Amino acid sequence: FNKLPAGYISNLTAKERSRLITYHIVVGRAVDIDAIKFGTIQAMSKDAINFSVGADGKTNIDSSRIIKQYLAKNGIVYLIDSVLIPPIITPRG
């Protein structure tokens with residue numbers, strides 16, 4: 001979140017902040033990043049997240065890139081290189 005422009009989060013409403021966070025969570029699905037070529041999955045925010053594999057073999061999620069995945073007791077955490085921005089969130093100001 002440090003990569004966002006200064007004031008980005010503070011210019012969002014509480015509802016927009018919640019959507020921003022829930023856009024990073026997928027409930028009830030494990031995604032095997034080694035098996036994906038392309039597709040979509042629904043985020044907790046109800047928005048579609050796009051997956052694709054680039055020519056370099058790296059997995060992309062929207063405009064972010066998966067750096068690493070970690071298996072946890074209650075799911076999988078994907079480390080990505082930038083913040084996912086849900087469609088049509090434009091801060092005021």
Side-chain angles (χ1 to χ4, degrees):
F1 287 87
N2 290 341
K3 291 184 177 183
L4 292 173
Y8 183 89
I9 292 177
S10 62
N11 285 325
L12 297 175
T13 65
K15 185 176 180 179
E16 290 169 331
R17 283 186 210 129
S18 175
R19 184 170 170 222
L20 177 66
I21 296 303
T22 58
Y23 190 62
H24 290 79
I25 302 168
V26 174
V27 178
R29 299 275 308 264
V31 178
D32 182 355
I33 62 173
D34 296 323
I36 291 176
K37 296 299 177 208
F38 64 89
T40 61
I41 193 166
Q42 186 177 24
M44 185 182 231
S45 66
K46 307 291 185 217
D47 296 290
I49 299 174
N50 299 304
F51 289 86
S52 64
V53 175
D56 58 2
K58 303 273 185 174
T59 303
N60 301 305
I61 301 176
D62 286 345
S63 59
S64 298
R65 196 164 272 221
I66 293 179
I67 298 170
K68 191 167 183 164
Q69 73 178 18
Y70 298 95
L71 297 176
K73 290 181 182 179
N74 62 345
I76 301 172
V77 176
Y78 299 98
L79 180 63
I80 57 177
D81 66 355
S82 62
V83 178
L84 300 175
I85 304 295
I88 314 173
I89 283 191
T90 52
R92 296 161 305 287

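Source: prediction; values computed, not measured.
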Exercise. Do the non-hydrogen side-chain atoms of Asp56 and Arg65 ever get within less than 4.5 Å of each other?
Worked result: yes

Problem set entry | Distance in Å, Leu4 CG paired with Ser10 OG, rounded so as to fall on 0.5 Å steps | 10.5 Å

Problem set entry | CA sep, side-chain torsions, deciding dist, call: Val26, Tyr78, side chain to side chain contact (heavy atoms under 4.5 Å, CB included) | CA-CA 11 Å; Val26 174; Tyr78 299 98; over 6 Å; no

Exercise. How far does CG of Leu84 sit from OG of Ser63, to the nearest 0.5 angstrom?
Worked result: 7.0 Å

Exercise. Hey, quick one: are Ile80 and Ile76 part of the same hydrophobic cluster, counting side-chain heavy atoms closer than 4.5 Å, chains of contacts allowed?
Worked result: yes

Exercise. Given the rule that I, L, V, M, F, W and Y join up when any side-chain heavy atoms are under 4.5 Å apart, are Tyr70 and Phe51 in one cluster?
Worked result: no

Problem set entry | Heavy-atom pair of closest approach, residues Ile21 and Phe1 | CD1-CZ, 3.8 Å

Exercise. For the atom pair OG1 (Thr40) and CG (Asn50), what is the distance rounded to the nearest 0.5 Å?
Worked result: 6.5 Å

Seminar exercise, completed: Of all heavy-atom pairs linking Pro86 and Leu20, the shortest is CD-CD1, 3.7 Å

Exercise. Salt bridge check: are Asp81 and Lys58 linked by an N-O gap of less than 4.0 Å?
Worked result: no

Seminar exercise, completed: Rounded to the nearest 0.5 Å, the CD1 atom of Ile61 sits from the CD1 atom of Ile66 at a distance of 3.5 Å

Exercise. Looking only at atom types and distance, does a side-chain atom of Thr22 sit under 3.5 Å from a main-chain N or O of Met44, one as donor and one as acceptor?
Worked result: no

Exercise. About how many Å separate NZ of Lys68 and CG of Leu79, when rounded to the nearest 0.5 Å?
Worked result: 9.0 Å

Exercise. Are the side chains of Ser64 and Val83 in touch, meaning some heavy atoms are under 4.5 Å apart?
Worked result: no

For this session: Before accepting this row, confirm whether a basic side-chain N of the pair Asp47/Arg19 lies closer than 4.0 Å to the acidic partner's carboxylate O.
Result: yes

Seminar exercise, completed: Separation between OG1 (Thr59) and CD1 (Ile67), nearest 0.5 Å, reads 12.0 Å

